[in-house]
Amino acid sequence: SIATTNIGVTAGVETDICNPEWVTACNRMTAIVVPSQHVKSCLTNSGKVSVPIHVIPEAYSDAVTSITPKLPDFSTSFNFLVFGQMTGNNPENDRKNTFYTIKWLCETFKDDPDVGIVLKTNVGRNSKIDRLVTRNMVTAIANEARKGSAGPKIHLLHGDMTDLEVASLYRHDQIKALVALTRGEGYGLPILEAAASALPVIATGWSGHLDFLKHGKYVSIYYQLAPVHPTRIDGKIFVKGSRWANPSEDDFKKRVMKFRTSSAVPREWAANLQKALVPRYGIDNISSLYDEELKGLV
């Protein structure tokens, strides 16, 4: 123990169970703070947690409710925003599922030249070499999916962005929805920030982001829980027997095509969800939750 009172803070892992050694480490604490019910369940599903677990969500950036700079216009007027590092070396072990997100969007809208994908991603570090590797990888995925067609165009964002620049993406007139076809999130801060900005959300219906999306409606993608791909099992972070979500290709393509045809209802959902999230997930309210949850410990 470091001190008389020790509070552990962890986002756990994005699967349904974690390494049991993590539970042992948690039990050496006085209490644990996690960002979502998903992470709490991940811990309790993996062993007996003998200390209190406090679920305290993350707050959205103040930039979300600030005046943001206007970014340049894109050459396509109807764009899907995609965040997420390419976290694996093949489509099957990529937790963020960026490979299939690009592929399925390109296949769905290959004949629609006015649809674009605004993609903020990288493979490793935010270096010039990484930008080249990322661009080549994304180009290869897109070209294979397009099968000779021109659309959709991919607008690659790579490197550091300020909070205000990121927030301006959520409010850009030409960005119509955030797509998060993730296999699992401990929390999903970009999803929260997009929803708090009244940007429609299209997301896998499983894991940490449901804690805040449950306050309204969003475009939920059907999924099936499946074993984490063997190439991702390392016995440290991802353990044998753990599962994550595999989103349905058919359901995703059907829903994004419907969204492209008519987005009025999802935009109404997004406006109502924003009203529910802004007062709950601002930094002042989250700070108050810390005070309330931990007042008996510190």
Side-chain angles (χ1 to χ4, degrees), residues 11 13-16 35-39 41-42 57-58 60 64 78-87 91 94-105 108-109 115 117-121 166-167 169-172 175-226 243-260 263 265-278 280-281:
V13 68
E14 300 83 4
T15 52
D16 63 337
S36 67
Q37 290 292 336
H38 173 75
V39 176
S41 296
C42 179
E58 297 180 33
Y60 56 75
V64 167
F78 198 101
N79 296 283
F80 295 95
L81 177 62
V82 177
F83 276 97
Q85 184 179 27
M86 292 185 171
T87 55
D94 177 24
R95 178 182 65 80
K96 289 287 189 180
N97 210 13
T98 307
F99 286 86
Y100 278 127
T101 303
I102 298 168
K103 181 177 186 293
W104 294 347
L105 283 172
T108 304
F109 299 109
V115 170
I117 304 169
V118 178
L119 176 64
K120 176 65 175 77
T121 190
V166 172
L169 290 173
Y170 303 135
R171 299 182 187 179
H172 199 292
I175 292 178
K176 307 302 182 180
L178 174 80
V179 174
L181 207 58
T182 177
R183 289 189 166 105
E185 296 292 333
Y187 188 67
L189 187 58
I191 306 174
L192 170 66
E193 293 187 336
S197 304
L199 182 67
V201 170
I202 302 171
T204 311
W206 185 77
S207 70
H209 49 282
L210 269 61
D211 272 27
F212 50 84
L213 292 180
K214 69 182 181 183
H215 294 296
K217 292 183 178 181
Y218 69 104
V219 181
S220 178
I221 303 303
Y222 178 75
Y223 68 92
Q224 288 186 325
L225 284 183
R243 299 181 300 170
W244 57 17
N246 274 344
S248 164
E249 177 182 357
D250 290 342
D251 189 55
F252 174 69
K253 289 181 174 179
K254 178 183 71 176
R255 292 184 184 276
V256 292
M257 180 61 78
K258 183 177 180 180
F259 183 87
R260 168 63 167 136
S263 60
V265 172
R267 283 189 281 111
E268 183 179 337
W269 292 349
N272 291 333
L273 183 57
Q274 179 194 39
K275 294 175 184 176
L277 296 183
V278 167
R280 285 183 171 93
Y281 293 92

Centroid-centroid distance, Tyr100 to Phe252, less than 6.0 Å: no
Distance, nearest 0.5 Å, that separates CG of Leu105 from CD1 of Ile117: 4.5 Å
Shortest non-hydrogen contact from Ser207 toward Glu185: OG-N, 2.9 Å
Non-hydrogen side-chain atoms of Lys275 and Asn272 separated by less than 4.5 Å: yes
Candidate list Lys176, Arg267, Lys217, test side-chain contact (heavy atoms from CB on, under 4.5 Å), partner Pro200, passing option: Arg267
NZ (Lys253) with more than 12 external heavy atoms under 6.0 Å: yes
Face-on cation placement of Arg260 at Phe78 ring, 6.0 Å and 45° thresholds: yes
Passing candidate, side chain to side chain donor-acceptor pair (under 3.5 Å) with Tyr281, options His215, Glu58, Glu193: His215
Expected output: side-chain Ser36 to main-chain Gly186 donor-acceptor under 3.5 Å: yes
Criterion ring pair (Phe, Tyr, Trp, His ring centres under 6.0 Å) on Phe109 and Phe80, from CA distance to verdict: CA-CA 11 Å; Phe109 299 109; Phe80 295 95; 5.5 Å; yes
Point-to-point distance, once rounded to the nearest 0.5 Å, from OG1 of Thr98 to CZ of Arg183: 9.5 Å
Tyr223 and Trp206 aromatic ring geometry - parallel, tilted or perpendicular at 30°/60° bounds: tilted
Reported CG-to-CZ distance for the pair Leu225 and Arg243, which is rounded to 0.5 angstrom: 4.5 Å
Pair Leu181-Trp104, side chain to side chain contact (heavy atoms under 4.5 Å, CB included): steps then yes or no: CA-CA 10 Å; Leu181 207 58; Trp104 294 347; 3.4 Å; yes
Evaluation steps, side chain to side chain contact (heavy atoms under 4.5 Å, CB included), between Trp244 and Thr182: CA-CA 9 Å; Trp244 57 17; Thr182 177; over 6 Å; no
Minimum heavy-atom distance Asn246-Ala226, with the two atoms named: ND2-CB, 3.4 Å
Main-chain N/O of Val278 paired with Tyr60 side-chain donor or acceptor, under 3.5 Å: yes
Smallest separation among heavy atoms of Leu178 and Phe83, with atom names: CD1-CD1, 3.8 Å
Which atom of Ile175 lies closest to which atom of Leu199, heavy atoms considered: O-CD1, 3.5 Å
Ion pair check, Asp250 and Lys254, cut-off under 4.0 Å: no
Side chain proximity check, Asn97 to Pro247, heavy atoms < 4.5 angstrom: yes
Separation of Asp251 CG from Thr204 OG1 (nearest 0.5 Å): 10.0 Å
Heavy-atom side-chain proximity of Val82 to Ile102 below 4.5 angstrom: no
Gln85 versus Thr121, closest heavy-atom pair with distance: CA-OG1, 3.7 Å
Nearest heavy-atom neighbours spanning Leu273 and Ala195: CD2-CB, 3.8 Å
Worked verdict on His38 versus Leu210 for side chain to side chain contact (heavy atoms under 4.5 Å, CB included): CA-CA 9 Å; His38 173 75; Leu210 269 61; over 6 Å; no
Nearest-0.5 Å distance that lies between atom CD1 in Ile202 and atom OG1 in Thr101: 11.0 Å
Step-by-step side chain to side chain contact (heavy atoms under 4.5 Å, CB included) determination, Ile191 to Tyr218: CA-CA 11 Å; Ile191 306 174; Tyr218 69 104; over 6 Å; no
